[in-house]
> 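First the structure, then my questions, so here it is.
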Amino acid sequence: ATNIETQDAAQNLGQLINIMSDLDEGNVDNFADSLVRLGNNMPALESDIMNITTRIASQSDIIGLTTPQVLAWSTAIASTGQKSEAAGTAIAKTMTQIESAVAGGGEELETFAEVAGMTASQFAETWESDPNTALREFIAGLVAIDDSGDSMILKLEELGITGVRQKQTIEGLAQTLDVLDDAIQMSQDAWDGVSDKWGAAG
């Protein structure tokens, strides 16, 4: 069961197939399995997950996220209750800023790495080989900053993340890190046709 109209689903999938390098007509069923399992078990509607997915797909593919990972991140963003359009744009902008920091090196990269609990070289290598983990560790690092009594907002502003919507989206992800972790596992299992505590295979 899903709240997405057939025509909308077909249009969005057509766009995503053109954007995501690991998505084609042969694994649309995998995509559907991931989307529906996420929608059934997470505090997010399939339509919102799909809307955010289409908004962040291009930048996600550029940095190397897989389709099930994009669905998971979109689910976590949607679960924050923020408007899909603004939140999707905000996280895509964050990905772009981290990509630029990794490419340019220097102080900005060091600050992103410090938040993620890594050296600059470790963060850059992780971003290149496993951007999902690098981005997740950055969010987890912000949670640790907040838990320690320091200001997450000041750290974001130090990184040049000053837009209200962008800060709200990242704060929301930090507050729902457990949802993100579950969504990443759930989406990958459904994509792979693996049964888990959230659903049966296929």
> Looking at residues at least two apart in the chain, or sitting in another chain, which of them share a salt bridge (charged side-chain N to carboxylate O under 4.0 Å, His left out) with Asp196?
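So Asp196 forms a salt bridge (charged side-chain N to carboxylate O under 4.0 Å, His left out) with Arg37.
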> Could you tell me which non-hydrogen atom of Thr53 sits nearest to which non-hydrogen atom of Leu71, and how far apart they are?
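That would be OG1-CD2, 3.6 Å.
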> Using atom types as modelled and distance alone, determine if a side-chain donor or acceptor of Ser34 lies under 3.5 Å from a backbone N or O of Ser187.
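Such a contact is found between Ser34 side chain and Ser187 backbone.
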> Can you tell me how far CD of Gln166 sits from CG of Leu159, rounded to the nearest 0.5 angstrom?
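One gets 10.0 Å once the value is rounded to the nearest 0.5 Å.
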> Looking only at heavy atoms, which two atoms of Ala76 and Leu173 are closest? And how far apart?
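Residues Ala76 and Leu173, closest heavy atoms: CB-CD2, 3.7 Å.
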> If you round to the nearest 0.5 Å, how far is CG of Leu23 from CG of Leu13?
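Output value for this atom pair is 6.5 Å.
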> If every non-hydrogen atom of Leu38 is compared with every non-hydrogen atom of Ala183, which pair is closest and at what distance?
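The answer is CD2-O, 3.7 Å.
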> Using the test ring-ring contact (aromatic ring centres under 6.0 Å, His included), find all partners of Phe31 that sit at least two apart in sequence or belong to another chain.
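Applying ring-ring contact (aromatic ring centres under 6.0 Å, His included) to Phe31 gives none.
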> Answer yes or no: is there a side-chain heavy-atom contact under 4.5 Å between Arg165 and Thr89?
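Not in contact.
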> Taking Asp22 as the fixed residue, which of Asn27, Asn30, Thr67, Thr66 is the one that meets the side chain to side chain donor-acceptor pair (under 3.5 Å) rule?
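By the side chain to side chain donor-acceptor pair (under 3.5 Å) criterion, Asp22 pairs with just one of Asn27, Asn30, Thr67, Thr66: Thr67.
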> Is the backbone N or O of Val194 less than 3.5 Å from a side-chain atom of Asp192, with the two atoms forming a donor-acceptor pair by type?
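Answer holds: no.
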> Closest heavy-atom contact between Leu109 and Phe123?
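Closest heavy-atom pair between Leu109 and Phe123: CD1-CD2, 3.7 Å.
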> What residues form a salt bridge (charged side-chain N to carboxylate O under 4.0 Å, His left out) with Asp146, not counting sequence neighbours?
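Partners of Asp146 by the salt bridge (charged side-chain N to carboxylate O under 4.0 Å, His left out) criterion come out as none, since no residue qualifies.
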> Quick one: pull up CD1 in Ile63 and CD in Glu128 and give me the separation to the nearest 0.5 Å.
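Here the rounded value is 10.0 Å.
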> Hey, are the side chains of Met42 and Ile49 touching, using non-hydrogen atoms and a 4.5 Å cut-off?
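No, their side chains stay 4.5 Å or more apart.
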> Side chain to side chain contact (heavy atoms under 4.5 Å, CB included) for Ile62 and Thr96? Distances and angles first, verdict last.
CA-CA 9 Å; Ile62 289 171; Thr96 301; over 6 Å; no
> Applying side chain to side chain donor-acceptor pair (under 3.5 Å), which residue pairs with at least one partner in residues 104-120 are found, sequence neighbours left out?
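Sorted pair list: Thr119-Ser121, Thr119-Gln122.
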> Could you give all pairs that pass the side chain to side chain donor-acceptor pair (under 3.5 Å) test and reach residues 171-181, with sequence neighbours left out?
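Output for this query lists Arg136-Asp181.
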> Closer than 3.5 angstrom, by distance alone: can the side chain of Ser195 be matched with the main-chain N or O of Ala201 as a donor-acceptor pair?
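Yes; at least one donor-acceptor contact below 3.5 Å.
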> Within this structure, what is the CD-OG distance for the pair Gln69 and Ser74, rounded to the nearest 0.5 Å?
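The CD atom of Gln69 sits 11.5 Å away from the OG atom of Ser74.
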> Drop me the distance from Glu137's CD to Phe112's CZ, to the nearest 0.5 angstrom.
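So the gap between those two atoms works out to 15.0 Å.
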> Decide whether Leu45 and Leu16 are clustered together by the hydrophobic rule: side chain heavy atoms of Ile, Leu, Val, Met, Phe, Trp, Tyr closer than 4.5 Å, transitively.
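The answer is no; the residues belong to distinct hydrophobic clusters.
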> Do you know which of Leu156, Leu154, Asp150 makes side chain to side chain contact (heavy atoms under 4.5 Å, CB included) with Ile145?
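Answer to the side chain to side chain contact (heavy atoms under 4.5 Å, CB included) test with Ile145 among Leu156, Leu154, Asp150: Asp150.
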> Please determine whether side-chain hydrogen bond (donor to acceptor under 3.5 Å, both in side chains) holds for the pair Gln185 and Trp198, giving the CA-CA distance in whole Å, both sets of side-chain angles, and the decisive distance to 0.1 Å.
CA-CA 10 Å; Gln185 184 64 57; Trp198 298 288; over 6 Å; no
> Hey, mind stepping through Thr54 and Asn12 against side-chain hydrogen bond (donor to acceptor under 3.5 Å, both in side chains) and telling me if it holds?
CA-CA 7 Å; Thr54 57; Asn12 289 332; 4.9 Å; no
> Quick check for you: to the nearest 0.5 Å, what is the distance between Ser60 atom OG and Met20 atom CE?
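So the gap between those two atoms works out to 6.0 Å.
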> Report the C-alpha separation of Ile52 and Trp73 in whole Å, then their side-chain angles, then the decisive distance to 0.1 Å, and conclude whether the side chain to side chain contact (heavy atoms under 4.5 Å, CB included) test is met.
CA-CA 9 Å; Ile52 295 173; Trp73 280 92; over 6 Å; no
> Please name all residues satisfying salt bridge (charged side-chain N to carboxylate O under 4.0 Å, His left out) with Lys167, sequence neighbours left out, ordered by chain then number.
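Lys167: salt bridge (charged side-chain N to carboxylate O under 4.0 Å, His left out) contacts with Glu157.
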> Do you know the tightest heavy-atom contact between Gln97 and Gly160?
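The answer is NE2-O, 3.5 Å.
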> Evaluate the side chain to side chain contact (heavy atoms under 4.5 Å, CB included) criterion for residues Gln11 and Gln15: first the C-alpha distance (whole Å), next the side-chain angles of each, then the deciding distance (0.1 Å), finally the verdict.
CA-CA 6 Å; Gln11 181 178 352; Gln15 293 171 351; 3.8 Å; yes
> Any idea which heavy atoms bring Gln59 and Ala92 closest together, and the distance?
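The answer is CG-O, 3.6 Å.
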